[in-house]
Amino acid sequence: MSTALNSIPSANTSVGLTSFAYRQRISITVMCVLAGLCGTLMTPPDVIEGTPLDHLCDSLGWGTLLLAVTIRLWSSAHISGRKSTTLVMTGPYALCRNPQYVGTLLIAISQMLILRSWPFALASVLPIVLYIVGVVPAEERLLSHRFGSEYLDYCRTVPRWSPRWNVVNLRWSQPQSWPAFRDECSRCVWWLLLPLASEFVSAVREMISVMR
């Protein structure tokens, strides 16, 4: 499994950004999230509110979210404005090839911890698998076509997901494009509002459970 997740992309670009997984990634993710939230509202809480386990899940959820936002901002500082023109191999991209997606995955995990709902966790599986086996490989096929042997050499030394810690080039980079970096900062504000939305959903679920 580890070998497959960190494999070198194929040079075949015929199923690159035109692949079903890439084209439908947003709509599938939105549908799964909405289905998970509806399932959350229809099921009782998996963890009793106010218990030590409840507080632990909240703390882990917020901590994971802050880590995810930090990773995404760090990644954006290195790649903003250069994503389509330059092969970025510094900062978090020296650790793994897809740090922004790692940040997004951590955001999903943070919401699972805060919502503490098996329907939401189950609904999150499909988009996570979709990105791992479909979206990311499609993007990497495009990059291998665009940057050729330079990108393939990069893939041989830097894993797709699991971080390679024996690196020294981890410094913060001044954003190459401040407008692109500001856009990522704006998105991160919305990411930070997600736990508040999750708490609202949990409160509504609690009310529905009591009414029953």
Side-chain angles (χ1 to χ4, degrees), residues 1-30 32 67-109 124-188 191:
M1 183 67 171
S2 174
T3 301
L5 292 180
N6 294 300
S7 61
I8 297 173
S10 167
N12 179 20
T13 62
S14 60
V15 288
L17 301 191
T18 61
S19 68
F20 175 83
Y22 187 86
R23 287 185 292 106
Q24 302 299 326
R25 67 195 189 284
I26 302 298
S27 57
I28 291 175
T29 299
V30 170
C32 287
L67 174 62
V69 168
T70 300
I71 291 173
R72 286 193 60 90
L73 285 176
W74 185 24
S75 303
S76 181
H78 280 263
I79 203 171
S80 58
R82 298 190 292 171
K83 190 172 184 178
S84 302
T85 59
T86 305
L87 180 58
V88 179
M89 296 181 285
T90 59
Y93 292 91
L95 294 175
C96 72
R97 305 201 301 261
N98 299 283
Q100 285 194 313
Y101 283 132
V102 170
T104 303
L105 175 60
L106 289 175
I107 288 172
I109 293 173
S124 300
V125 171
L126 177 58
I128 289 173
V129 172
L130 180 74
Y131 273 81
I132 290 176
V133 304
V135 175
V136 169
E139 289 185 350
E140 291 192 338
R141 284 193 291 273
L142 177 66
L143 291 172
S144 67
H145 175 72
R146 179 172 294 164
F147 297 109
S149 59
E150 183 183 11
Y151 182 72
L152 294 178
D153 289 341
Y154 169 66
C155 291
R156 292 187 183 97
T157 57
V158 178
R160 178 179 284 168
W161 297 108
S162 54
R164 182 190 65 153
W165 294 111
N166 57 334
V167 293
V168 295
N169 195 10
L170 300 179
R171 66 184 184 277
W172 179 274
S173 172
Q174 178 175 331
Q176 301 296 311
S177 170
W178 281 105
F181 184 70
R182 285 196 298 270
D183 288 344
E184 180 62 29
C185 290
S186 299
R187 284 190 289 269
C188 285
W191 294 133

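Starting from 1, each residue takes its place in the sequence as its number.
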Once you round to the nearest 0.5 Å, how far does [atom1] of [X] lie from [atom2] of [Y]?
X: Trp161; Y: Leu95; atom1: CH2; atom2: CG; answer: 14.0 Å
X: Glu150; Y: Leu143; atom1: CD; atom2: CG; answer: 11.0 Å
X: Leu130; Y: Leu126; atom1: CG; atom2: CG; answer: 6.0 Å
X: Ile71; Y: Ser76; atom1: CD1; atom2: OG; answer: 13.5 Å

Report yes if some heavy atom in the side chain of [X] is under 4.5 Å from a heavy atom in the side chain of [Y]; otherwise report no.
X: Asn98; Y: Glu140; value: yes
X: Arg141; Y: Tyr22; value: no
X: Gln100; Y: Tyr93; value: yes
X: Asp153; Y: Arg156; value: yes

- How far apart are the closest heavy atoms of Pro92 and Pro99, and which atoms are they?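 Shortest heavy-atom separation between Pro92 and Pro99 comes out as CB-CB, 3.7 Å.
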- Task: Quick one: closest heavy-atom pair of Cys32 and Pro127, and the distance?
- Result: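 Reported closest heavy-atom pair: SG-CD, 3.6 Å.
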- Item | Arg97 side chain to Val158 backbone, donor-acceptor under 3.5 Å | yes
- Has the side chain of Arg72 got a donor or acceptor atom that lies under 3.5 Å from a matching backbone atom of Val69?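 A pair under 3.5 Å: no.
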- Item | Tyr131 and its side chain to side chain contact (heavy atoms under 4.5 Å, CB included) partner, picked from Thr29, Ile28, Thr104 | Thr29
- Audit row: Ile132, Val136, side-chain contact (heavy atoms from CB on, under 4.5 Å) steps and yes/no: CA-CA 6 Å; Ile132 290 176; Val136 169; over 6 Å; no
- Relative to the ring of His78, is the ring of Trp74 parallel (under 30°), tilted (30 to 60°) or perpendicular (over 60°)?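 Answer is perpendicular, since the angle exceeds 60°.
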